[in-house]
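Protein chains get the first letters and strands the later ones, always in sequence-line order, with residue 1 at the start of each.
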Amino acid sequence: MDFSDHFGKELDAVLNENSPVSVLDKLLGESPIQASDLLTIMVSLEKKWEEFKTHNVRLAVIIDPQISSMHGEMITTHEFEKDISLILQKGKAKSITHYISSEGHICKTVNNDSNISFDELAVQSKMQGNVTFFLGIKGVDVLVRGVPYKTQNHLESYKDLVKYSTQLPIEQYQKLLNDFFYENIQYDINKTIFLRKEKSAVEWHEKIDKHPKLLPIKPEEIFHKELEKYLRGKCQDIVLSEVKNRHDERYDIWVGTSDNNVFVFEVKWLGISITPSGNVNYKYNTEDRAVEGAYQIKDYIDHSNNYLHGLSQSRIHLGVLVLFDAREVMEEIKYPQDFNKYPNIDLSQHFMIDKEKITASTVYKKRKTEKRRVTK
Amino acid sequence: MNDKQGYVMSNDLLLVALYMNDNGWEAANKSSFQRILYFSAVLSPVFVPHEKWAYSFSNTMFGPYNNDISKKLSFLSAKQLLGLEERHIYQNRIEERFKISKQGINECVNKLFLLDSLKSKRNWFEILVRVLSIYGENFLSKLVKEDPNIVAFNMANKSSRLPTDNSTENLSKQFFEFIKSKGKEKIQLENSTDKDFLLMFFDILYRKYKGGSN
């Protein structure tokens, strides 16, 4: 494996002067605190504080480099609700400061009779050469020897971990697909779904005039790639793309849950597209293509052992046909009755794509009988 | 699996469970134990170079797997060294989540911590679980999926034994060394420790997952 080739983009993003470890190394200088220890505490603390920050109380966590302790409660598992209760309900402190070892163990806790401020902590951190975390309503601010630390790179690296609760489990696939559709596909927000004259060869312009909803070459690649990327960022469960690699030219996405359930998404599109030679492909402009996709899902379900390669601990939990409909006249698809016997196949994820956002009255006049999204 | 391998596996699982507990994990399923022990094994030539890993893993769609680990977790639970926190029965399998018990903690503190032969391995588990705790259980599968050994096996559609030794076949270890040499060359991370590079290793794997396969 050529690492520079396979991980090139990621290596460049991590191995640069702005990477968290590099920046922290420089800020820490001769301090006995190690960048990796600091980063581990920092990210864990940010994750933990997410659920408490809205209480609008202020806490300080100070790493004392003179203390080395591998015992006692870890700050990352500390029950902050007790601190908050002490401040808000019992009035026994205005703010609280925890002193921890560089490994993250709490060594001392001080109840302050006044509120702490970021500026005050910055001065202390600089004078004492320590690392201080300021936990407040906006989240966690970090001061390394008086210097605030927050780089874009740090946010990019770990924001998913801190904001994990915003990711959805694949069981909520209907919401994920719906959000994906409205954020990326509908009305062609990114101008990548339909061919546009300004981005197309002159000899195609006539065809674009004739077919305003003309799709580019191999639209399945766009829909598949965009949806897979979206799920990787927004779904808690794992996209198992290696399954796709075993079946070239199939545009399906397999998602596995932590308890080894597999959800299969078969991506299909309807409409007309341009071919590499500049002709118009009408082959997928009928509902037959959708029915074909439904049978593909049925095949996965009926022969799941073949597809799961003997994984006795797994099973296909649900097969979903994700249909992107870009036809001029988008109508409900009628599937054969065979599918009524399959409660583990969802054929209702039918997304009708409009090229432009048009007024409600125009839509009403033009397609008053159509539904935006078919629910089965 | 012989008796010695079984003994080593039990100790490894208990220590991993202990450090999970120290880092605030509520409990963990069998797959998470498999994945943590897999990363421990593949990077062991860097962090515990004198340790010859006693057991191996084969490659499956859900990542590295050793059936004996699964059985050993149930055994440790039956001996009450691990507590069974949750149990769900599905159509074709049982999902269980484990957490170290008080008895298990005592076993670590009073027996395993006293063994000098386990000291470096203990430190390694502690470092690894701590770093992986940044990600948490839900991200483990995503990290494992982009591990160089797993990627290479998936590309070749191989499900055989994954390399965990100090050979050049162990691509995960090779990749770690690669990051280290590039880091020192590109951004003069001369003072950085292997722990720093471990963070970078997982950071790269997660970015790779999120960026997609293309």
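Put simply, the side chain of B/L14 reaches to within 4.5 Å of the side chain of B/L82, judged on heavy atoms. Under the 4.5 Å side-chain criterion, counting only non-hydrogen atoms from C-beta, B/N149 is in contact with B/P163. Considering only heavy atoms from C-beta on, B/Y55 comes within 4.5 Å of B/I69 through its side chain.
The aromatic ring centres of A/F7 and B/F175 sit less than 6.0 Å apart. Remark: aromatic rings of B/F153 and B/F57 are distant, center separation not under 6.0 Å.
A salt bridge does not link B/D165 with B/K173: none of the charged nitrogens is closer than 4.0 Å to a carboxylate oxygen. A salt bridge links A/E228 with A/R232: at least one charged nitrogen is closer than 4.0 Å to a carboxylate oxygen.
Judged by a 6.0 Å distance limit and a 45° cone about the ring axis, B/R130 is not positioned over the six-membered ring of B/Y19.
For residues 96-120 of chain B, heavy-atom neighbours of chain A at less than 4.5 Å comprise no residues at all. Within residues 29-40 of chain B, the residues approaching chain A closer than 4.5 Å by heavy atoms are, in numerical order, B/N29, B/S31.
A/S44 touches chain B through its side chain: at least one heavy atom from C-beta onward sits under 4.5 Å away, while N, CA, C and O do not. Looking at B/I179, both its backbone and its side chain come within 4.5 Å of chain A, counting heavy atoms on both sides. Contact of B/E137 with chain A is not made at all, since no heavy-atom distance falls under 4.5 Å.
Ring pair A/Y300/A/W254 is perpendicular by interplanar angle, where above 60° counts as perpendicular and below 30° as parallel.
Side-chain polar atoms of A/S101 and A/E103 form a donor-acceptor pair below 3.5 angstrom.
Residue A/E183 places its CD atom among more than 12 non-hydrogen atoms of other residues, nucleotides or ligands, all under 6.0 Å distant.
Contacts with chain B were tallied for A/H78, A/M1, A/E73, A/K48; A/M1 has the most, counting heavy-atom pairs under 4.5 Å. Per-residue heavy-atom pair counts under 4.5 Å with chain B were compared for A/I41, A/L24, A/D237, A/L231, and the maximum is reached by A/D237.
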| task | Quick one: do B/Y206 and A/E10 satisfy side chain to side chain contact (heavy atoms under 4.5 Å, CB included)? Show the steps, please. | result | CA-CA 9 Å; B/Y206 182 63; A/E10 292 75 22; over 6 Å; no
